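Notes for the one structure printed next.
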Number of protein chains: 2
Amino acid sequence: MNHSSKDIDHSLDPTVNDFMPGISVDNVIFGFHDQQLKVLLLECADQEHWMLPGGYIIKTESVNDAAKKVLTARTGLSEVYLQQFGVFGGLERSTPEVVNDFLKAMKVDAEKFSWHLERFITIGFFALVEFQKVNPKPDAMSLSCQWFDFHNLPKMIFDHSDLVDEALKTMRVQLRHQPIGYNLLPEEFTLKDLRTIYETILDRKIDRANFNRKMLSLGILHKKEKLFTGGAHKAPYLYSFDKSAYFAMLKEGFGLGF
Amino acid sequence: MNHSSKDIDHSLDPTVNDFMPGISVDNVIFGFHDQQLKVLLLECADQEHWMLPGGYIIKTESVNDAAKKVLTARTGLSEVYLQQFGVFGGLERSTPEVVNDFLKAMKVDAEKFSWHLERFITIGFFALVEFQKVNPKPDAMSLSCQWFDFHNLPKMIFDHSDLVDEALKTMRVQLRHQPIGYNLLPEEFTLKDLRTIYETILDRKIDRANFNRKMLSLGILHKKEKLFTGGAHKAPYLYSFDKSAYFAMLKEGFGLGF
DNA sequence: TTATAATGAGTCATTTTGACACAATAATAA
DNA sequence: TTATTATTGTGTCAAAATGACTCATTATAA
């Protein structure tokens with residue numbers, strides 16, 4: 001997925017001096033497709049490494065807005081779920097070796113990038129988006145922007161794979177007292193879809209019957225018509241979220257046993 | 001609690017140029033005393049406002065180390081529980097009015113502090129410490145360093161009260177799947193002490209018998225001798241944490257029903 | 001010596017969980 | 001057309017957890 005220069009997105013390119021120095025934001029953007037949890041990544045110039053969609057913070061914008069802007073620029077979406085999950089501020093993330101690898105992967109001169117090479121702290125966000133609605137757009141420095149199966153991520157620059165791990169850990173904890181899925185699934189979905197999300201994040205099988213019973217008992221789902229497509233088997237019902245009940249539960253929280 | 005200049009702690013005073021510009025760390029330090037959750041605060045020069053112990057990040061130290069250093073400098077303690085809970089990066093935290101209030105509270109010149117007045121992002125940490133072991137030390141800019149009852153906090157500068165609120169929210173969530181208390185309580189304590197911590201953080205009464213049953217079932221407590229001091233009532237048992245079981249459970253997590 | 005207040009321990013109905021079982025059914029293969 | 005297969009909706013049931021109580025016990029204060 002290459003793009004001509006006409007397609008290159010310069011919306012995140014203010015002057016270096018407009019940025020908060022030494023800080024960046026990086027987004028772990030999760031989607032769900034084909035019964036798999038996906039992560040959106042950008043391809044580095046060396047065609048070997050990949051990176052999280054990230055950016056800098058303009059002095060006149062909030063940190064959260066900076067992250068939101070990155071998300072919108074790469075996906076075309078606004079109004080999606082976006083949440084901080086941690087600050088990555090260790091010294092090991094900008095050692096000479098790390099910086100060297102970064103320059104090689106990006107194929108840029110050390111001089112041009114001196115402002116990014118000193119010492120950088122990044123603020124990690126994760127986003128939950130509806131896969132089908134995303135229109136992946138690479139930024140000016142990247143060759144392409146693609147989804148990867150969460151279980152099969154490519155080699156990434158800096159500590160970006162640590163960021164993905166931490167994002168997952170945070171989701172794993174939140175799963176236990178907040179609903180999830182509204183932001184990842186299309187309007188209509190099956191209970192299997194929902195369960196697969198839980199199983200992927202928790203990294204273990206969940207009893208189908210017990211999961212369904214629990215989910216339905218939460219009162220955040222609406223049962224719809226039958227599903228026709230699919231494999232050689234009985235067709236499952238389709239469900240949609242009861243938006244108001246869902247968001248109420250997001251705030252209130254609940255207890256999940258598994 | 002005033003201090004002569006001899007007592008002033010300059011350990012966190014490197015040159016301005018050594019710092020990461022535009023970023024700070026602030027610690028919400030929790031202690032437990034007298035059946036109350038306490039927060040350690042610094043008194044501003046105006047004798048009206050208070051602030052969280054905070055500091056800047058030297059370019060050659062990690063973010064976590066910067067927070068740890070602040071904690072050690074104010075409490076005399078090292079090796080305590082310290083955890084990030086969020087980044088505060090809104091623009092509203094450095095509007096002209098806010099900055100003005102800050103200058104007044106600190107009684108410093110705008111010129112001298114120009115480097116801190118532009119736009120600042122702070123990284124919030126919370127710490128859990130053993131009250132009795134803390135030796136509160138004000139920093140160079142503060143009149144004193146004191147504990148406040150969590151339910152009765154004074155007027156604070158910037159968005160520091162928001163930081164306290166967020167720290168509590170984070171603890172409230174963590175309570176549900178991780179044990180707490182080891183870092184807040186002395187070696188020996190009663191179940192009432194432990195329950196009070198839970199009640200304060202969750203801000204509601206918990207049935208005594210049910211709480212005790214649950215806590216004891218976790219297998220992280222050792223029963224000790226009787227307690228003799230106290231009011232006009234039956235003396236409760238003293239307990240201590242089974243350190244290895246406690247830390248195992250910190251990692252593993254568990255499910256709490258209340 | 002008695003009254004008080006808080007503790008340790010226990011009861012019990014209800015709810016939730018975990019582990020299965022089983023008939024029903026949509027697509028596919030025979 | 002019919003049998004096969006994979007998967008679904010629903011149900012059962014024992015075990016565990018929870019929530020709301022009781023009650024005898026006991027260290028201090030009156």
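Within every chain, numbering begins at 1; the chains are lettered A, B, ... in the order of the sequence lines, protein sequences first and strands thereafter. These numbers were taken from a predicted model, which means no experiment stands behind them.
Checked against D:dG9, D:dT8, C:dG8, the side chain of A:Lys192 finds its nearest nucleotide in D:dT8. Candidate nucleotides D:dT26, C:dC20, C:dT17 were compared by shortest atom distance to the side chain of B:Lys234, and D:dT26 ranks first. Side-chain proximity of B:Arg213 to D:dG19, C:dT17, C:dG8: nearest is D:dG19. Comparing D:dG9, C:dG10, D:dA20 by their closest approach to the side chain of A:Asn212 singles out D:dG9. The side chain of A:His233 lies closest to D:dT7, out of C:dA9, D:dT7, D:dG9. Among the nucleotides D:dG11, C:dG8, C:dG18, the one closest to any side-chain atom of A:Ala209 is D:dG11.
Rounded to an integer number of Å, the gap from CZ of B:Phe211 to P of D:dA17 is 17 Å. Atom CG of A:Asn210 is separated from atom C1' of D:dG11 by 12 Å (rounded to the nearest Å). For A:Lys214 and C:dA19, the NZ to P distance is 16 Å, given to the nearest whole Å. The interatomic distance linking A:Leu191 (CG) with D:dG9 (P) rounds to 6 Å, in whole Å. Distance CZ (A:Arg208) to P (C:dG18): 17 Å, rounded to an integer number of Å. When rounded to the nearest whole Å, the span between NZ of A:Lys205 and C1' of C:dT17 equals 20 Å. In this entry the distance linking CG of B:Leu218 with P of D:dT18 reads 9 Å, nearest Å. Between the CD1 atom of A:Ile206 and the P atom of C:dA19 there is a distance of 12 Å, rounded to whole Å.
Sequence order on DNA chain D of the closest nucleotides to A:Arg195 and A:Asp207 puts A:Arg195 first from the 5' end.
Side-chain atoms of A:Asn183 and A:Glu130 include no donor-acceptor pair closer than 3.5 Å. Checking B:Thr190 against B:Asp193 by side-chain atom types alone, a donor-acceptor pair falls below 3.5 Å.
Taking both residues in full, the closest heavy atoms of B:Met51 and B:Cys44 are given as SD-SG, 3.9 Å, listed atom of the first, atom of the second, then distance.
A side-chain contact (heavy atoms from CB on, under 4.5 Å) with A:Lys38 is found for one member of A:Phe32, A:Trp147, A:Phe148 and no other, namely A:Trp147.
Note: A:Asp26 CG to A:Phe125 CZ = 10.0 Å, rounded to the nearest 0.5 Å.
Residue B:Lys223 places at least one side-chain N or O closer than 4.0 Å to OP1 or OP2 of C:dA9.
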